[in-house]
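Note sheet for the following structure.
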Amino acid sequence: MLENLNDMQIKAAKHKDGPLLILAGAGSGKTKVLTTRIAYLIDQGVSSSNILAITFTNKAAKEMKERIERLVGRTSLWASTFHSFGVRILRENYDKLGYKNNFVIMDSDDSLILVKKILKDLGYDPKRISPYMIRNKISSNKSEFISPSEYKKFVHGEEDDIVYKVYKKYQELLFKNNSVDFDDLLILPVRLFKENPEVLDFYQEKFKYILVDEYQDTNHAQYLMIKLLASKYRNIACVGDNDQSIYMFRGANYKNILNFEKDYPDAEVIMLEQNYRSTKMILEAANSVIKNNTFRKDKNLWSDKEEGEKITFYKAYDETDEVFYIIRKIKELISSGASYADIAILYRTNAQSRIFEQEMLRQNLPFKIVGSFYFYSRKEIKDLLAYLRLIHNTDDNVSLERAINTPKRGIGPKTISEIEASASFYNTSMFDAITSGKALEFKNIILGLREELGSCSLTEFIDKVLDKSGMKAALKAERSLEADIRLENLEEFKSVTKEFEERIGEISLEEFLLEISLVSDIEEYKDDPNRVTLMTVHSVKGLEYPYVFVAGMEEGLFPHKNCYSPDEMEEERRLMYVAITRAMKKLFITATKKRMIYGTESPSVLSRFVKEIDPDLIDEPDNDQKQVIKKENKMHSTDQIYNYGDKVEHDTYGLGVVIEVTNTIITVAFDKKYGIKKLMKNHKSIKKV
């Protein structure tokens, strides 16, 4: 059972009684230690039914139980997430909290619907007061155990007063309807334990040994739940890494792990610093960055693996040069024997994926997006495109149905059905059939925007659409992380139009819609596991890749522009630490001299995190290399010239004839099997014959 563990791992696995804190650095085998420790407890005579193991995902809980049972056979171990554990506690004790046995758990969508109903009942306009903002405020208050009556003390101004009134009514309706929300799954067990000592004693006797994974990601409610359960026998083992706490925006409090020794002065603290993932160069880079954080337990990752290559840093001219450089390096890696699945491109914000998607499609490189949708598949981008298509063509009923109630305007299914019926009766488009009510207000917005077409650049026109449609205002009013991400994506869309304008010159809305119609054609690689992975740094936690690119290392991007406090800046630095420690063999870091963000080009300032890496660990391309790269980039970015009647050959569709040419798209007639296809000119699957 203890084979293949190092000395510190064995020490952690064999610890039996009393509090234990395992500070497990990135790639140090913490999951292996955790599962081995549970198996060892069982082997030493502890009943598996007296062990509670808490993780943050159902998948992790399932895998943990499977690994333990491979070591010791079938068990009665409780391995679950905090929320699943909370559900079980409530199911067994609902009556003590005043609930009936058939209580209902509301998800976040249900909670939002209830908040909207309360706002309406109280006479407030959901367009003026964001239901999303109120739901988020209620959630954060509940997580901190602030009741409506306590929140009332903090009311300053109209908005706070509305939140208080909705929060109070929300809690009343939840209880009246025998319902609980996700926050209650953590809060109510704590209340139950505090108000019912005999119930707490029962679970303390049941769970004499408690283990918590990813302790740095616990919030206040989770912290209290575990502290109460462990207060009798104090056999609590928490595993985590304060340097990988990156979820403060979700309510996680990294100070819980830093304060463990204050809560348990007699705790044994074991540091797992040996890394089994990365080369020495990569680990030294990670250590040199994270040591700049003030609030942390000092540990130093080390490895007995090879020294490894230096970190390659490339300062690109702009974001296009950056993408071309990364693609060039990917091709070199593939040529030297790597697979696409060995490679990950990391970035700080979702909006940064767009230019990578676009260029990798053009160059026929297989890729996948993890943790979010492809840029053109994101809801907010589809909504914006629906507006643009409707402005271009008011007969487009599909786009009208998507845009008409985005953002919400009180135009329900009944109104839309009436418009459809009228359009059918008069044999006209739905747009032309609109004659009254809120739908007419929407129609006038579209007509007004159509009149402005051509009076400004396309990029400026996108701004007008975002403003006059109400999309931008609605997302700003939400004041949530999700809304901020959607706003960033919408603003990034202006970079798309700006690129077209700079490359082609003045471009009409019709030409633009045609040009981007194929950019979202990503189904080609859907079932192929051998793809380059694109994701944000938040999404990559827990994963590892032989080759990692961290792009956009500039102030305002990484660290993000919305980081104001010292705490937020330290969390950004922990994010950088996570990004660096994902790399196993080779790490590439890129930044730009200037970058187009949200349609505006401005000079870039190199990220402080790059400057914090020991210069001896960094290798930069010399000037000669940069000149070669620039030439290659220029060659790649030049479109092949096609004319009507040219013969082409496609890797999949075979021989065909060009029947139409636009700036970046050719329309090709293939044989009867494939018919007519629109293709990007410089796609690697096409060649002239």
Side-chain angles (χ1 to χ4, degrees), residues 12-22 24 30-93 96 184-194 196-240 256-257 260 263-264 267-268:
K14 291 179 75 171
H15 176 101
K16 188 180 178 190
D17 297 322
L20 170 68
L21 176 62
I22 304 171
K30 73 176 178 65
T31 306
K32 187 177 183 180
V33 171
L34 194 60
T35 53
T36 306
R37 184 172 187 276
I38 294 169
Y40 189 79
L41 285 173
I42 295 169
D43 187 64
Q44 295 299 300
V46 175
S47 171
S48 62
S49 62
N50 291 143
I51 300 173
L52 171 66
I54 296 285
T55 69
F56 271 80
T57 67
N58 288 312
K59 183 185 175 188
K62 182 172 179 285
E63 287 175 356
M64 180 188 291
K65 196 161 186 178
E66 287 171 352
R67 287 173 73 161
I68 291 163
E69 290 184 349
R70 280 199 294 271
L71 290 170
V72 295
R74 297 212 21 116
T75 71
S76 303
L77 167 79
W78 270 33
S80 73
T81 64
F82 275 102
H83 286 89
S84 297
F85 178 70
V87 170
R88 191 160 177 180
I89 297 293
L90 295 181
R91 292 277 181 224
E92 294 176 358
N93 300 276
K96 293 179 178 63
D184 289 328
L185 300 180
L186 303 177
I187 295 159
L188 291 177
V190 173
R191 198 182 112 199
L192 175 77
F193 294 156
K194 285 184 173 180
N196 301 271
E198 75 286 355
V199 175
L200 175 60
D201 186 67
F202 171 81
Y203 287 107
Q204 287 173 335
E205 287 295 326
K206 180 167 181 57
F207 301 120
K208 293 177 181 175
Y209 291 86
I210 300 167
L211 299 94
V212 185
D213 194 12
E214 304 286 9
Y215 192 62
Q216 77 279 352
D217 292 332
T218 52
N219 63 24
H220 187 55
Q222 291 161 338
Y223 163 78
L224 286 177
M225 184 193 292
I226 292 301
K227 191 176 181 185
L228 284 166
L229 280 171
S231 61
K232 186 172 186 177
Y233 288 100
R234 304 177 76 255
N235 296 325
I236 178 170
C238 291
V239 185
N256 289 343
I257 197 167
F260 188 89
D263 293 333
Y264 307 97
E268 182 170 7

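Along the sequence shown, residues carry numbers from 1.
What you find for L186 and A221 is that their closest heavy atoms are CB-CB, 3.9 Å. Listed here is the closest heavy atom pair of K14 and Y40: CE-OH, 3.4 Å. Of all the heavy atoms in L77 and K65, the pair that sits closest is O-NZ, 3.0 Å. In terms of heavy-atom proximity, Y215 sits nearest to N256 at CE2-O, 3.5 Å. Considering all non-hydrogen atoms of both residues, P189 and G86 come closest at CG-CA, 3.9 Å. Closest non-hydrogen pair, T36 versus A13, comes out as CG2-CB, 4.1 Å.
Looking at heavy atoms from C-beta onward, I42 lies in side-chain contact with I38 at the 4.5 angstrom threshold. With a 4.5 Å cut-off on side-chain heavy atoms, L228 and Y203 do not count as touching. Annotation: side chain of F85 is in contact with side chain of L229 (closest heavy-atom distance under 4.5 Å). Between I236 and F260, some side-chain heavy-atom pair lies under the 4.5 Å cut-off. You'll find the side chain of T218 reaches within 4.5 Å of the side chain of F82, heavy atoms only. Side-chain contact between L34 and T55 is absent, with no heavy-atom pair separated by less than 4.5 Å. Taking 4.5 Å as the limit, every side-chain heavy atom of L211 sits out of range of all side-chain heavy atoms of V239. V199 places none of its side-chain heavy atoms less than 4.5 Å from the side chain of E92.
In terms of modelled atom types and a separation under 3.5 Å, the side chain of N50 and the main chain of K206 share a donor-acceptor contact. The backbone N or O of Q222 lies less than 3.5 Å from a partner atom in the side chain of N219, making a donor-acceptor pair. In terms of modelled atom types and a separation under 3.5 Å, the side chain of D201 and the main chain of P197 share no donor-acceptor contact. N235 places a side-chain N or O within 3.5 Å of a backbone atom of G18 that can act as its donor or acceptor partner. Proximity of a side-chain donor or acceptor of Q204 to a complementary backbone N or O of Y233 within less than 3.5 Å is not detected. A donor-acceptor pair is defined here as one N or O able to donate and one able to accept, closer than 3.5 Å; no such pair exists between the side chain of K96 and the backbone of L192.
Between F207 atom CZ and I226 atom CD1 the span is 10.0 Å, to the nearest 0.5 Å. To the nearest 0.5 Å, atoms CE (M64) and CG (D213) are separated by 5.5 Å. Here the CH2-OG distance, from W78 to S48, works out to 12.5 Å after rounding to the nearest 0.5 Å. Atoms CG and CE, on L185 and M225 in that order, are 8.5 Å from each other to the nearest 0.5 Å. Y209 contributes atom OH, which lies 14.0 Å from atom CG of L52 (distance to the nearest 0.5 angstrom). Put simply, CD1 on I89 and OG on S84 are 12.0 Å apart, with the number rounded to the nearest 0.5 Å.
Contact check on K62 versus E66 returns a salt bridge, with a Lys/Arg side-chain nitrogen under 4.0 Å from an Asp/Glu carboxylate oxygen.
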Worksheet item: Can you list the steps and then say if I22 with H15 is a side-chain contact (heavy atoms from CB on, under 4.5 Å)?
Response: CA-CA 11 Å; I22 304 171; H15 176 101; over 6 Å; no
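A donor-acceptor contact under 3.5 angstrom links the side chains of D263 and Y223, judged on distance only.
Within a 6.0 Å sphere centred on NZ of K32, heavy atoms belonging to other residues, nucleotides or ligands number more than 12. The neighbour count for K232 NZ, taken as heavy atoms of other residues, nucleotides or ligands under 6.0 Å away, is above 12.
Just one of I68, I51, L20 meets the side chain to side chain contact (heavy atoms under 4.5 Å, CB included) condition when paired with R37; it is L20.
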